[in-house]
Amino acid sequence: MHNAVQMDAAATPILQVEGLDIEYRSAAQASVAARDVAFSIGRGEVFGLVGESGSGKSTVLRSIIGLLHHKARVVGGAIRVAGQEVTRLNSAALAELRRRHVAMIFQDPLRALNPVMTIGAQLAEVMEAAGLRDRAEIHRRIVGALQDVGLADPEIRMRAYPHELSGGQRQRVAIAAALIRSPELILADEPTTALDVTIQDQILRLLYDLCRDKGMSVLLVTHDLGVVAEVCDRVGVLYAGRLVETGTVAQVLSAPSHPYTAALLASMPRKGERQARLRVIPGRPPESTIDGCPFAPRCAHALPACSAIPPVLAVHGADRASACWRHDELRERLAEEASVG
Amino acid sequence: MSAAPIERPVAPFAWLARTPVSLRAGLAMILLALLAATLGPLLAPDPLELDLSATLQAPSAQHWLGTDNFGRDVLARIISATSVDLQFGFFSVVPTLVVGTALGVIAGTNRWADAVLMRVLDLVVAFPFYVLIIAIVATLGPGIFNMYIAVFLVGWASYARLVRGEVLVVAKHQYVEAARALGFSPARVLWRHVLPNVIVQPVLLATTNFIAWILVGSALGFLGLGVQPPSPEWGVMIGEGRVYLYQAPWMAIFPGFAIFYVSLAAILVGDGLSDVLRPDIA
């Protein structure tokens, strides 16, 4: 499933992010949320953006449809959706982009639906906003969309209020709302994190299958490498607002070329393996911008030079890049580290 | 839900059966009061007719709720006052609710409007409530219309402040962000997603204010600034009855019951409305 989409790579990517810099500004200071982030997503491709809390992954995702926090600003770089530069759109064009081309799925389905509107009314509103007026057609498509996301009795469900549905059902509705107008790009911000572990997998599977069927591209933000392994084609690893590594899921997860990725993989608990303690990466992400590699203070392989000069995201091999001065010499050790842990 | 695309055949008034009992009971009570206000004066004796030979009479077959110190029929006066008091409650609540809520939404969404409106609001709430109302009425001259103006100038503030706070909270909710992510216009987000989620608070405040304003109206009547004697008004009647509380308690007690009745109706309506407006917390 990871290789099927590589054929489309020749077409214009649905999303191109280049040299993206985002800052949070308060009265006293500006702090960097994303620095020089670059990646692209091909049509029909599922791209995972992973990182720990505060790594800037949600901020990057939100910048794509102009939903940044009011204190956050894109200060440099470019974001192109289907070739269209997003950061310079006026509000009308941005609304048009949100209505037709890009849809977002939020983390917490319990809070992503309006509590005082029925499911049917909320889905109808999405289509009305997109210019559909025919009542019967709207009704038919709501029923279809609810069936697509696996909700039984759509005719009854559409009259229900969000609080009358379970968390999993609500996330199904949220997915239906996002997909109902067949957008080209889905931005999913930890879509399963708030759900019960038992249904996380179902929802993820559903999202994946629907997008695959309709040929939609997905940017999936998550902190869960298991999720990435399961549904993504390519992956980008974000650390302290910088992209430290990108590549296909197979490459990155089996042979990481950045010490952070390796450490992240090593810290995943493994099935069938008894551990006295969970493995952790010592230290914490830097709280302010530092001169060199942001991971250097926690890196087991850091050299003095790492803390002085920031590594650039260097392309090596087909569709593969990492930002580590030592990625070449460390290659084998990192793969070993990641698998043994 | 207005935009629900579901057309289903339903019996007329079937929706009524789905509304909360408290809403139906409260509306029925208000309907009864309205009936009394419109039809009552045709059936009851003249509320202004003096009968100095029958002052301070206890309730009897002739005067069901007794007579006052001028021999006027208490029941006739209560019925006659119903329309005055209901009107006062209505006209002091609805305009302040609508304008106060609108201003609160504007303040909650626009920083500049917020700065201006909140300073005006500070000015209004800085004065003691009664002093401000009395000052305005005194400036404009006594009378019921000027009382409405005074009530309006003071009354919007509590709604505006309440709604502003609610809007600031609701606007941060994820469903509002989700609505924006779907490309809805700011006006649509405000109207369909923010307002319905904040409206229950001002509506509840309005139902309690409905009673509070009737009492204010009564107080103003008592001070000679509102309803002018001899036309009956519940608060004025209680004020008059206060003097005769030991000899003729019915003079104050029955108008008090009337206020209690309307209060109960308003509270029931408010309770029912909050269930209808917020199905998730019902």
Side-chain angles (χ1 to χ4, degrees), chain A residues 62 65-67 70 91-92 94-130 132 134-142 155 158-164 174 177-178 180-181 183 187 189, chain B residues 1-10 14-15 18-20 108-112 114 166-204 273-282:
Chain A
R62 277 155 184 275
I65 45 171
L67 267 187
H70 66 89
S91 57
L94 196 59
E96 180 67 13
L97 178 84
R98 292 169 179 173
R99 276 197 299 271
R100 299 205 189 278
H101 305 292
V102 185
M104 184 158 169
I105 296 169
F106 289 84
Q107 181 172 357
D108 188 352
L110 304 187
R111 297 188 296 125
L113 298 171
N114 187 338
V116 303
M117 282 170 81
T118 60
I119 303 305
Q122 300 195 43
L123 291 175
E125 194 183 21
V126 176
M127 282 180 287
E128 280 163 18
L132 205 61
D134 180 1
R135 283 275 149 139
E137 169 72 6
I138 289 176
H139 185 193
R140 200 182 56 71
R141 284 184 51 181
I142 291 174
E155 297 271 358
M158 63 195 289
R159 267 177 260 157
Y161 287 96
H163 71 277
E164 295 168 321
I180 201 161
R181 300 152 305 156
L187 307 175
D189 189 359
Chain B
M1 293 291 103
S2 55
I6 312 135
E7 248 80 58
R8 47 180 189 271
V10 283
W15 60 270
R18 287 197 304 273
T19 57
T109 47
N110 182 304
R111 276 173 46 207
W112 291 108
D114 189 33
E166 287 285 306
V167 166
L168 290 178
V169 172
V170 166
K172 288 196 176 66
H173 281 192
Q174 211 171 54
Y175 57 82
V176 173
E177 196 174 32
R180 284 196 284 140
L182 286 164
F184 299 159
S185 66
R188 189 186 188 101
V189 172
L190 216 53
W191 184 250
R192 294 290 303 271
H193 298 275
V194 176
L195 190 61
N197 280 288
V198 303
I199 197 69
V200 70
Q201 300 291 347
V203 164
L204 280 181
L273 272 183
S274 71
D275 286 359
V276 171
L277 295 172
R278 285 303 298 268
D280 56 324
I281 51 178

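Only this structure's heavy atoms are used, side chains among them; waters, hydrogens and symmetry mates stay out. Convention: sequence-line order gives letters A, B, ...; per-chain numbering from 1. A quick note: this is a predicted structure, and the numbers were derived from the prediction, not measured.
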A.B. asks: Who wins among B/Ala181, B/Ala179, B/Pro186 for the most heavy-atom pairs under 4.5 Å with chain A?
C.D. replies: B/Ala181

A.B. asks: Specify which of A/Gly66, A/Ser91, A/Pro183, A/Ala95 makes the most heavy-atom pairs with chain B at under 4.5 Å.
C.D. replies: A/Ala95

A.B. asks: Taking side chain as everything from C-beta outward and backbone as N, CA, C, O, which of these in A/Gln122 sits under 4.5 Å from a heavy atom of chain B? Side chain, backbone, both or neither.
C.D. replies: neither

A.B. asks: Checking heavy atoms, do the side chain of A/Ala177, its backbone, both or neither come under 4.5 Å from chain B?
C.D. replies: backbone

A.B. asks: Measure up the B/His173 and B/Tyr175 rings against each other and bin them: parallel (under 30°), tilted (30 to 60°), perpendicular (over 60°).
C.D. replies: perpendicular

A.B. asks: With only heavy atoms counted, which part of A/Ala103 is less than 4.5 Å from chain B, the side chain, the backbone, both or neither?
C.D. replies: neither

A.B. asks: For the atom pair CZ (A/Arg141) and CE (A/Met127), what is the distance rounded to the nearest 0.5 Å?
C.D. replies: 6.0 Å

A.B. asks: Who among A/Ala136, A/Pro115, A/Ala92, A/Ala112 has the most heavy-atom pairs with chain B under 4.5 Å?
C.D. replies: A/Pro115

A.B. asks: Quick one: NE2 on B/His193 to CZ on B/Arg180, what's the gap to the nearest 0.5 Å?
C.D. replies: 12.0 Å

A.B. asks: Given the options A/Arg99, A/Glu125, A/Glu96, which has more heavy-atom pairs under 4.5 Å with chain B than any of the others?
C.D. replies: A/Glu125

A.B. asks: I'd like to know which of A/Asp108, A/Ile65, A/Leu187, A/Leu94 tops the heavy-atom pair count under 4.5 Å against chain B.
C.D. replies: A/Asp108

A.B. asks: Checking A/Arg181 side chain against A/Val126 main chain: does a donor-acceptor pair fall under 3.5 Å?
C.D. replies: no

A.B. asks: State, yes or no, whether a side-chain contact exists between B/Glu177 and A/Leu67 at a heavy-atom distance under 4.5 Å.
C.D. replies: yes

A.B. asks: Counting only non-hydrogen atoms closer than 4.5 Å, does A/Arg62 touch chain B with its backbone (N, CA, C, O), its side chain (CB onward), both, or neither?
C.D. replies: side chain

A.B. asks: Checking heavy atoms, do the side chain of A/Leu113, its backbone, both or neither come under 4.5 Å from chain B?
C.D. replies: backbone

A.B. asks: What's the spacing between A/Glu164 CD and A/Ile119 CD1 if we round to 0.5 Å?
C.D. replies: 8.5 Å

A.B. asks: Under a 4.0 Å threshold between the charged nitrogen and the carboxylate oxygen, would A/Arg135 count as salt-bridged to A/Glu128?
C.D. replies: yes

